[in-house]
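Single-structure report; data block below.
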Protein chains: 2
Amino acid sequence: MKNNTKAKEAFELPLNQILDGDCIDVMNSLPENSVDLIFADPPYNLQLKGDLHRPDNSKVDAVDDDWDKFSSFETYDRFTKAWLAAARRILKPNGAIWVIGSYHNIFRVGAAMQDAGYWILNDVVWRKSNPMPNFRGKRLTNAHETMIWASKEESSKYTFNYEALKSLNEGIQMRSDWVLPICNGHERLKNDEGTKAHPTQKPESLLHRILVSTTNPGDVVLDPFFGTGTTGAVAKKLGRDYIGIEREADYRKVAEKRLKNIRKFDNESLQVSTSKRAEPRVPFGQLVERGMLQPGEELYSMNKRHKVKVRADGTLVGVDVKGSIHQVGAALEGAPSCNGWTYWCFKRDGKQVPIDLLRQQIRAEMTERPN
Amino acid sequence: MKNNTKAKEAFELPLNQILDGDCIDVMNSLPENSVDLIFADPPYNLQLKGDLHRPDNSKVDAVDDDWDKFSSFETYDRFTKAWLAAARRILKPNGAIWVIGSYHNIFRVGAAMQDAGYWILNDVVWRKSNPMPNFRGKRLTNAHETMIWASKEESSKYTFNYEALKSLNEGIQMRSDWVLPICNGHERLKNDEGTKAHPTQKPESLLHRILVSTTNPGDVVLDPFFGTGTTGAVAKKLGRDYIGIEREADYRKVAEKRLKNIRKFDNESLQVSTSKRAEPRVPFGQLVERGMLQPGEELYSMNKRHKVKVRADGTLVGVDVKGSIHQVGAALEGAPSCNGWTYWCFKRDGKQVPIDLLRQQIRAEMTERPN
DNA sequence: TCCAACGTTGAATCAGCTA
DNA sequence: GTAGCTGATTCAACGTTGG
């Protein structure tokens, strides 16, 4: 949504494409402040092999275990810092990032994110409903992966579709632990030999929840470790623009083919539940101006303990208090704040009616005739 | 088991006591290679700012204690490295450690553990069955904490009671995500004023599972951030020796009293009761996320009188009505309530199929491997 | 004594706009 | 930048009160 036009004008973003190359180089070639969301599934560094990403190209001759271990972590950390910095540069000021990992790498990644200035919003556990068991019985079944959701900086006004997520969860606030199956069956992409095309293909359900919750239609979503393109596939279905970066030709090929066959859902289905916050603000004074409430008319608190009078300027006056509907409600309740819209009622035909009903009438009129 | 006699001979360990002082100093005063397991619940460095109120205007009693305040990440990292090093020195070669934390600190702690030479065995998610909600609707409910289980070094022959844990879990391999309630009710210790004695008391069930799985009777368990002594209490019940370190006199006092009243279980009572699990709740949104139903797909009422469309967030939209499967069903029927699962059908191969069939599929997957 | 209604609480990085 | 005002927002357990 919103202010993505400026950057696009200055430098046409390569939308809905898969870019070939090292993700750090490619991200550095993109304009700063141009991307709404980044989803990153970086190498997990499972065995700390030297073949990962090695900026200095030096080959480590392991002589001593401790030293080798240290240098390997260091190499991984350098790589992590580099791609996180490149990613942060291209994020819009209100942009956000998701990174997924396992215990092998996620602690280093999370610390690097905090050090880079990202502001962690939640860590989210993907609890796999069908994980691989621990065959040797030497440890617990490794049944989850960890995702870190962070904004570009502490002050970022990040996107969070609270109501949509609540709807996805049958009316109960979504928690930080998500139960979803791993990617297998028909969804799991195979290569020409019939074996899996990518070792760690993520399920579309995971990306669905991420994109529905933290992006809006039309947003630009970038994935620096695109793989077989799950991020792009879900983004396309959901009417978001994607940018994929992948240096392995085999993966790009599989992803291209996959994306070609994806169709966007129709617009109506992409509408999600919104919160009251998103609705237009209606000043209380408007109810008086429009004659929906008369100056001098009495309002009653929900709990029937308090009575006040409406004044011509849309303020309320009671015993020893006057001010806005919110201020007077808070003062009478001795509360730090009060939502006057849901606190006050008026009388019609002998019945108590919440004033919020009048606001809803005005809002309904506004949507009938916008502007 | 275990060769703990040697160290004890040279320096009598202060077993089953609470030691007063800074945990780093105290640990440094203990002999090296002398402890079987360490459980650590260090300060989380929450960095809370203003007050937080619930929607009913009551104020959240936040963790604002001085012991949780650090001036910067750097300060926190120095503290973390120091206590982790002191802890590692006193661990036996085959010893192990558990550290618990939240996203505020756990990534820094995990990275520091790897840097210090600990070998991570699992990260374990404590999924709280009754977490505090996110009152402002700005993020996901922070419904879990993360624990890191690590051995002193890669080559350590750590203790893992696979079979005991499996029987704790009704015969199924224990996973890395544990569902346990937070500590409240009678278990929550109060001070003389009737308020909570410690802001972050951990549930005994958590320590029970940790000690059963990774220690043996007679092992020495050390807790450098003892607080009100949950680790000691469970250790005593389970016939392990404990060493607590706590610098706050108030906490020590509460813990002393608590521990005095604890009795060791006889072996028979170590059996845990297994309760039948209720059928897991499956949100309708999950059918959409998983692609079992597409956004835009049409659903039909059982009586064929109504038709609606599925949206990306798991809500339905029809003529003049939108909401959850239950809400829309009730609205269209003019009924006070409606079970959407049995009310709606979708079409497959020209036949009407109840959506409840899809829920049953998901439940079947879940019960293949319950936690 | 029991049940329903109501109140309390928990490791929390919890607002956005206008002047 | 910041001061001020509007006004949006909660789930599961446990405990207490009142009939």
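Letters go in sequence order (proteins before strands), and every chain restarts at 1.
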Summary of protein contacts for nucleotides 14-19 of chain D, nucleotide by nucleotide, where a base hit scores B, a sugar-phosphate-only hit scores S (4.0 Å, heavy atoms): SS----

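Each of A/Leu121 and A/Lys157 was matched to the nucleotide of DNA chain C holding its nearest heavy atom; the match closer to the 5' end belongs to A/Leu121. A residue-by-residue look at A/Gly171 and A/Arg281 shows that A/Arg281 has its nearest nucleotide of DNA chain D further toward the 5' end. Both A/Arg277 and B/Ser129 lie close to DNA chain D; mapped to their nearest nucleotides by heavy-atom distance, the more 5′-ward contact belongs to A/Arg277. Between B/Lys128 and B/Asn134, the one whose closest nucleotide on DNA chain C sits nearer the 5' end is B/Lys128.
Atom CZ in A/Phe160 sits roughly 14 Å away from atom P in C/dC14 (whole-Å rounding).
A/Phe284 comes within 4.0 angstrom of no nucleic acid atom, judged by non-hydrogen atoms across all strands.
Nucleotides C/dA11 and D/dG15 are separated by 23 Å at their C1' atoms, to the nearest Å. Between the P atoms of C/dA12 and D/dG7, the separation comes to 29 Å (whole Å).
Closest contact between the side chain of B/Leu46 and the listed nucleotides C/dC14, C/dA11, D/dA8 involves C/dA11. Distance from the side chain of B/Ala62 is smallest to C/dA12 among C/dA12, C/dA11, C/dC14. Closest approach to the A/Ser337 side chain among C/dT9, D/dG7, C/dA12 is made by D/dG7 (side chain taken as heavy atoms from C-beta onward). Looking at the side chain of B/Arg136, the nearest of the listed nucleotides D/dT10, C/dA15, C/dT13 is C/dA15. The B/Asn130 side chain lies nearest to D/dA13 when the options are D/dC11, D/dC5, D/dA13.
With pairs defined as Watson-Crick or G-U wobble and both atom distances under 3.5 Å, the stems of at least three pairs that touch DNA chain D come out as C:2-10 with D:11-19, C:15-19 with D:2-6.
The aromatic rings of A/Phe107 and B/Phe107 are tilted relative to each other, their planes meeting at an angle between 30° and 60°. A perpendicular orientation is assigned to the rings of A/Trp149 and A/Tyr158, their planes being inclined by more than 60° (bins at 30° and 60°). Below 30°, between 30° and 60°, or above 60°: for B/Trp178 and B/Trp98 the angle between ring planes is between 30° and 60°, a tilted geometry.
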Given B/Asp123 and A/His144, is the side chain to side chain donor-acceptor pair (under 3.5 Å) satisfied, shown in steps? CA-CA 9 Å; B/Asp123 60 335; A/His144 74 277; 3.0 Å; yes

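Between the side chain of B/Arg54 and the base of C/dG10, at least one donor-acceptor pair of N or O atoms lies under 3.5 Å. With hydrogens and angles left out, the side chain of B/Lys202 and the base of C/dA11 share a donor-acceptor pair within 3.5 Å. Between the side chain of B/Asp41 and the base of C/dA11 there is at least one donor-acceptor pair of N/O atoms closer than 3.5 Å.
Look at C/dT13: its glycosidic torsion is within 90° of 0, and that puts it in the syn range.
In summary, B/Arg252 and B/Glu246 do not engage in a salt bridge, as defined by a charged side-chain N under 4.0 Å from a carboxylate O. Under 4.0 Å is where a charged nitrogen must lie from a carboxylate oxygen, and between A/Asp177 and A/Arg175 at least one such pair does.
Defined by atom type and a distance below 3.5 Å, a donor-acceptor pair is missing between the side-chain atoms of A/Ser324 and A/His326.
Here B/Phe135 does not lie in a stacked arrangement on the base of C/dA12, lacking the combination of planes under 30° and ring centres under 5.5 Å apart.
When ring centroids are compared, B/Trp67 and B/His198 come within the 6.0 Å threshold.
A donor-acceptor pair under 3.5 Å links the side-chain atoms of A/Tyr118 to the main chain of A/Arg88, judged by distance alone.
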